[in-house]
Peer 1: 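So that we are looking at the same thing, I have put the structure below in structure tokens.
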Number of protein chains: 2
Amino acid sequence: MARSIAERKDLLPALTELFRAEGFEGVSLSSIEAASGLARGSLYHFFPGGKAEMATAVLADVEAWFHEHVIAPLENEPAERGIATMADAVETCFAGGRKGCVFAIFALAGKSQRFSEHLKRFFSTWQEALAGALLRAGQSPVAAQAAAEVLIGDLYGALVLSRAMDDPAPFGRALARLRAHHAALGTALA
Amino acid sequence: MARSIAERKDLLPALTELFRAEGFEGVSLSSIEAASGLARGSLYHFFPGGKAEMATAVLADVEAWFHEHVIAPLENEPAERGIATMADAVETCFAGGRKGCVFAIFALAGKSQRFSEHLKRFFSTWQEALAGALLRAGQSPVAAQAAAEVLIGDLYGALVLSRAMDDPAPFGRALARLRAHHAALGTALA
DNA sequence: GTCTATAAAGCGATAGAC
DNA sequence: GTCTATCGCTTTATAGAC
């Protein structure tokens with residue numbers, strides 16, 4: 001295990017993989033030691049607040065990644081291209097359905113509701129940005145808002161199915177729906 | 001706390017609420033003692049296999065409930081009515097979006113993959129039954145299969161959003177979509 | 001069938017040497 | 001900045017009285 005870690009952000013990838021896969025309660029300090037190659041004392045050097053601070057850092061990091069790869073394209077690119085960029089980013093982030101979402105598992109786990117501010121902000125920001133793009137694509141404000149909820153929900157429902165079936169195919173099909181039919185989807189379900 | 005518990009199945013409601021809300025790792029024997037009103041020794045009297053056996057019993061119990069209130073109606077009632085019955089059952093089971101699904105949180109939590117047989121069976125049985133109803137409603141085999149996945153995914157995606165936003169409305173809207181547009185939905189997204 | 005007491009292991013967190 | 005050792009508590013599970 002590489003032992004050249006010097007910065008807090010170098011730990012975030014390992015932490016993210018752990019929390020997205022096991023949830024907050026499922027991650028132990030021992031598992032973090034094993035995954036990061038750092039001993040307990042070093043982890044507390046970077047995160048004096050312990051496990052809760054590590055989870056918060058992961059949520060903030062994923063949020064920042066989404067802002068760059070999803071929110072900003074939705075806001076700044078032409079609507080059709082912004083949504084295509086979003087699809088690519090989501091596919092990358094969730095490894096095409098082979099990996100989970102830390103926000104999803106935290107949302108379903110009751111004790112993780114101490115992170116509810118992050119959860120609400122993540123999904124509402126995303127929905128707002130997507131609705132904005134659909135608005136610019138010509139949909140009505142009401143329809144755009146509804147379609148954004150349906151499109152994001154479709155991705156997360158498929159993610160649950162893919163994790164449950166241990167098969168990335170459902171998530172892949174949700175991505176295909178997003179790419180091929182997002183306009184029809186939005187109007188058909190409004 | 002009532003102390004007249006004499007049967008294993010009397011414990012299942014409390015266990016179900018615990019596991020669906022906190023996930024497997026989030027539930028402790030102490031919390032089960034508090035929720036059930038029974039002491040440790042009594043719990044192990046009913047579930048010698050401990051927490052894992054309790055979780056398995058919950059999964060089997062929810063599965064049985066779904067078989068009665070969802071699967072059987074989908075198989076035995078006319079398609080339209082079977083789907084309407086399914087919508088009512090799902091609304092009841094998840095308290096209109098105010099409560100989670102034990103299969104969903106287990107699906108997202110990596111360590112709960114030891115229950116993967118239950119997870120796969122639950123969702124595949126449901127999808128098969130729903131696809132069968134859509135088939136009888138006149139859809140093609142391929143379209144029925146795809147639409148069943150989309151309809152179930154729509155519900156679970158909305159459940160994630162409702163839990164994340166702490167707002168039952170997204171799940172309520174998914175139920176409304178299921179009830180009002182399930183035929184259009186199935187064909188629009190095939 | 002229900003309980004208390006306890007064992008053995010793991011938990012998150014801290015202290016302090018280097 | 002990294003580490004080991006340890007504290008105090010909680011965990012799951014068991015034993016055995018009633």
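All values derive from a computational prediction rather than experimental measurement.
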Peer 1: Is any NZ, NE, NH1 or NH2 atom of the basic residue among A/R8 and A/E53 found under 4.0 Å from an Asp or Glu carboxylate oxygen of the other?
Peer 2: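 Looking at A/E53 together with A/R8, the answer is yes, because their closest N to O distance falls below 4.0 Å.
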
Peer 1: Is the shortest side-chain N/O distance from A/H45 to OP1 or OP2 of D/dT2 below 4.0 Å?
Peer 2: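 False: A/H45 side-chain N/O out of range (4.0 Å or more) of D/dT2 OP1/OP2.
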
Peer 1: Would you mind reading off the distance between A/E53 atom CD and C/dT14 atom P, rounded to a whole angstrom?
Peer 2: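 Whole-Å distance recorded here is 11 Å.
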
Peer 1: Rounded to whole Å, how long is the line connecting atom CG of A/L18 with atom P of C/dG12?
Peer 2: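 Spelled out: CG on A/L18 to P on C/dG12 is 11 Å.
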
Peer 1: Assign the ring pair B/F24 / B/F19 to parallel, tilted or perpendicular, where the plane angle (0 to 90°) is split at 30° and 60°.
Peer 2: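 Parallel: the ring planes of B/F24 and B/F19 meet at under 30°.
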
Peer 1: Polar atoms only, N or O, under 3.5 Å: list the protein pairs with nucleotides 10-13 of chain D and their distances.
Peer 2:
unit_1	atom_1	unit_2	atom_2	d
D/dT11	OP1	B/S28	OG	3.3
D/dT11	OP2	B/S30	OG	2.9
D/dT12	OP1	B/V27	O	3.3
D/dT12	OP1	B/K51	NZ	3.3
D/dT12	OP2	B/L29	N	2.6
D/dA13	OP2	B/Y44	OH	2.8
D/dA13	OP2	B/K51	N	3.3
D/dA13	O5'	B/Y44	OH	3.2

Peer 1: Starting at CZ of A/F47 and ending at P of D/dT2, how long is that distance when rounded to a whole Å?
Peer 2: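 Those two atoms, CZ and P, are 12 Å apart.
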
Peer 1: As a test of reading the structure: which of D/dT2, C/dT4, C/dT2 is closest to the side chain of B/A39, going by heavy atoms?
Peer 2: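 Nearest to the side-chain atoms of B/A39, counting from C-beta on, is C/dT4.
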
Peer 1: Can you find a heavy atom in the side chain of A/P141 that is under 4.5 Å from one in the side chain of A/L135?
Peer 2: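 Answer yes - side chains close enough.
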
Peer 1: Grab the CD-C1' distance between B/E33 and C/dG1 for me, whole Å please.
Peer 2: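 Rounded to the whole Å, the gap is 15 Å.
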
Peer 1: Please report the C-alpha distance between A/R98 and A/S162 in whole Å, then the side-chain angles of each, then the deciding distance to 0.1 Å, and finally whether the side-chain hydrogen bond (donor to acceptor under 3.5 Å, both in side chains) criterion is met.
Peer 2: CA-CA 7 Å; A/R98 263 166 275 112; A/S162 273; over 6 Å; no

Peer 1: Between A/H69 and A/W65, how do the two ring planes meet: parallel, tilted or perpendicular, split at 30° and 60°?
Peer 2: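 Correct class here is parallel.
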
Peer 1: Could I get the full list of ring-ring contact (aromatic ring centres under 6.0 Å, His included) partners for B/F123, not counting sequence neighbours?
Peer 2: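 Scan of B/F123 (ring-ring contact (aromatic ring centres under 6.0 Å, His included), adjacent residues dropped) gives B/Y156.
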
